[in-house]
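Worksheet for the structure shown next.
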Amino acid sequence: MNYWLLKSEPTAYSIDDLARDGKTIWDGVRNYQARNFMRDQMKVGDLVFFYHSNAEPAGIAGIAKVSSKSYPDPSAFDQKDVHFDPKSKKENPVWYLIDVSFVKKLKEFLPLEKIKKIPGIESMLLIQKGSRLSVQPVSEKHWDLILEARS
DNA sequence: GCCAACGTTGGC
DNA sequence: GCCAACGTTGGC
């Protein structure tokens with residue numbers, strides 16, 4: 001069991017959208033490091049922090065889970081999609097994704113500002129200067145610290 | 001809206 | 001293979 005953090009701009013897709021839909025496909029990721037995590041390391045049942053980026057405030061809004069194995073991102077094949085990528089062929093896909101299912105919203109939204117103040121959180125990838133990976137691993141220690149910091 | 005940090009592209 | 005230019009991310 002691994003833990004992850006997925007970033008989404010809530011104006012594009014928020015935790016409330018996921019709560020409504022129950023499940024979504026995490027398409028449109030076009031960063032190789034992020035792809036590798038999804039393609040190679042995510043397992044069904046892994047838990048995920050749902051993070052609102054580019055938001056006021058930014059922070060962790062809820063918990064989701066990985067609900068499929070990785071498979072090719074269909075948006076890369078669709079010429080009309082903003083995420084279309086001619087490099088990705090159906091017989092040799094470049095981009096992969098996983099399905100994500102809703103678990104719950106945090107009782108209280110945890111803003112980035114509060115996350116940064118949690119003792120022991122300093123090494124978390126999310127808060128490293130210049131770090132902007134939209135799919136990133138979270139250590140069990142950091143996962144627990146964040147859940148304890150709630151309320 | 002600004003802009004620093006980062007990733008990608010493409011000329012050489 | 002280098003690196004400048006460009007586009008994007010994301011906090012503020």
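Computed from a predicted structure; not experimentally measured. Lettering follows sequence order; numbering is per chain, from 1.
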Between Phe37(A) and Trp26(A), is the gap from one ring center to the other below 6.0 Å?
no
Just how far, in rounded Å, is C1' of dG11(C) from CD of Glu113(A)?
12 Å
Given dC6(B), is OP1 or OP2 found less than 4.0 Å from the side-chain N or O atoms of Tyr32(A)?
no
Once you round it to whole Å, what is the distance between C1' of dG10(C) and CD1 of Ile60(A)?
15 Å
Side-chain contact check for Arg132(A): nearest option of dG11(C), dT9(B), dG7(C) is dG7(C)
Check whether any side-chain N or O of Lys7(A) sits under 4.0 Å from OP1 or OP2 of dT8(C), and answer yes or no.
no
Tell me: CD of Glu9(A) to P of dT8(C), nearest whole Å?
12 Å
Lys116(A) NZ to dG10(C) C1', straight-line distance once rounded to whole Å:
11 Å
Quick test of your reading of the model: are Asp16(A) and Lys105(A) salt-bridged, counting only N-O distances below 4.0 Å?
yes
With a sphere of 6.0 Å drawn around CD of Glu122(A), does it hold more than 12 non-hydrogen atoms of other residues, nucleotides or ligands?
yes
Just how far, in rounded Å, is C1' of dG10(C) from CD1 of Ile127(A)?
15 Å
Taking only side-chain N and O atoms of Lys129(A), does any of them lie within less than 4.0 angstrom of OP1 or OP2 on dA4(B)?
no
Hphob cluster co-occupancy, Leu106(A) + Met124(A), side-chain heavy atoms under 4.5 angstrom
yes
Please find out if less than 6.0 Å separates the ring center of Phe77(A) from that of Trp95(A).
no
Rounded interatomic separation in angstrom, taking CG from Asn36(A) and P from dG7(B):
13 Å
Measure the distance from CG on Leu133(A) to P on dC6(B) and round it to the nearest whole Å.
11 Å
For the side chain of Ser134(A), counting heavy atoms from C-beta on, which of dG7(B), dG10(C), dT9(B) is nearest?
dG10(C)
Upstream residue (5' side of DNA chain B) when Asn54(A) and Arg30(A) are each assigned their closest nucleotide
Asn54(A)
Let me know the distance between CG of Leu125(A) and C1' of dG10(C), rounded to the nearest Å.
14 Å
